[in-house]
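The next block holds one structure in the form of structure tokens; read it before the comments.
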Amino acid sequence: QARLVESGGGLAQAGGSLSLSCAASGRTFSNYALGWFRQAPGKEREFVARLSLANNSTYVADSVKGRFTISRGNAENTIYLQMNSLGFEDTAVYYCAAGREDGRFPSDYKYWGQGTRVTVSS
């Protein structure tokens with residue numbers, strides 16, 4: 001059974017940094033992308049970034065480009081999201097998901113983690 005586990009959320013000051021990690025297990029993910037989404041209170045779930053486990057290609061949403069970086073970990077099926085220059089607008093629950101290699105919508109992703117909360121404060 002597929003399982004995705006996020007870690008690394010918490011409280012950060014505006015302008016600061018946080019790093020999230022996601023570990024996927026329970027099935028073969030070699031043809032999947034692992035991606036990050038976020039959902040702020042009262043808002044729809046938003047695509048943040050994805051990484052293809054087949055070829056390591058990445059795609060980052062314009063809203064976070066230049067501040068967030070997605071990368072692959074040394075452990076199998078592990079990815080990271082390095083978040084720099086955090087702003088209040090980055091406050092959200094961040095979800096890791098596994099799905100289509102070119103997916104940018106929640107419906108493109110089949111497996112989801114439980115989410116990790118990121119709060120940016122002054």
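Note: hydrogens, waters and symmetry copies are ignored here, and every other heavy atom, side chains too, is used. Heads up: numbering here begins at 1 and tracks the sequence.
When every heavy atom of Ala40 is checked against every heavy atom of Ala92, the shortest pair comes out as N-CB, 3.8 Å. The two residues Gly103 and Asp108 make their nearest non-hydrogen contact at CA-OD2, 3.3 Å. Scanning both residues, Val48 and Phe68, for their nearest heavy atoms gives CG1-CD2, 3.8 Å.
Residues forming a side chain to side chain contact (heavy atoms under 4.5 Å, CB included) with Ala23 (at least two apart in sequence, or on another chain): Thr78. Qualifying side chain to side chain donor-acceptor pair (under 3.5 Å) partners for Arg104, counting only residues two or more places apart in sequence or in other chains: none. In this view, Tyr80 satisfies the ring pair (Phe, Tyr, Trp, His ring centres under 6.0 Å) rule with no residue, not counting sequence neighbours. Contacts of Ser63 classified as side chain to side chain donor-acceptor pair (under 3.5 Å), with partners at least two apart in sequence or in another chain: Glu46. Residues satisfying the ring pair (Phe, Tyr, Trp, His ring centres under 6.0 Å) test with Phe47, not counting sequence neighbours, are Phe37, Tyr59. Every side chain to side chain donor-acceptor pair (under 3.5 Å) that Asn84 has, sequence neighbours left out, goes to Ser17, Gln82.
Counting only residues at least two apart or on different chains, the salt bridge (Lys or Arg N to Asp or Glu O under 4.0 Å) pairs with a member in residues 47-63 are Asp62-Lys65. For the ring-ring contact (aromatic ring centres under 6.0 Å, His included) condition, no pair includes a residue of residues 82-101, sequence neighbours left out. A salt bridge (Lys or Arg N to Asp or Glu O under 4.0 Å) check over residues 12-21, counting only residues at least two apart or in different chains, returns nothing. Residue pairs meeting the salt bridge (Lys or Arg N to Asp or Glu O under 4.0 Å) criterion with at least one member in residues 67-93, sequence neighbours excluded, are Arg38-Asp90, Arg67-Asp90. Listed by first and then second residue, the ring-ring contact (aromatic ring centres under 6.0 Å, His included) pairs involving residues 4-24 amount to none (not counting sequence neighbours).
Here the side chains of Leu86 and Leu18 are in contact, with some heavy-atom distance below 4.5 Å.
The OG atom of Ser25 sits 9.5 Å away from the CD atom of Gln1 when rounded to the nearest 0.5 Å. Taking CG of Asn55 as the start and CG of Asn31 as the end, the distance is 10.0 Å to the nearest 0.5 Å. The distance from atom CG of Asn56 to atom CD1 of Ile79, rounded to the nearest 0.5 Å, is 11.5 Å. The distance from atom CG of Leu81 to atom OG of Ser19, rounded to the nearest 0.5 Å, is 7.5 Å. Here Leu51 contributes atom CG and Ile70 contributes atom CD1; the two are 5.0 Å apart, rounded to the nearest 0.5 Å. Within the model, atoms CG of Asn77 and CZ of Phe29 stand 6.5 Å from one another, a figure rounded to the nearest 0.5 Å.
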Would Leu4 and Cys96 count as a side chain to side chain contact (heavy atoms under 4.5 Å, CB included) if you check the C-alpha gap in whole Å, the side-chain angles of each, and the deciding distance to 0.1 Å? CA-CA 7 Å; Leu4 282 75; Cys96 180; 3.6 Å; yes
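Looking at Thr28, its side chain never comes within 3.5 Å of a backbone N or O of Ser30 through a donor-acceptor pair.
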Throw together a table of side-chain donor-acceptor distances under 3.5 angstrom for residues 110-122, partners on residues two or more places apart or in other chains.
unit_1, atom_1, unit_2, atom_2, d
Tyr111, OH, Arg27, NH1, 3.0
Trp112, NE1, Tyr109, O, 3.2
Thr116, OG1, Gly9, N, 3.2

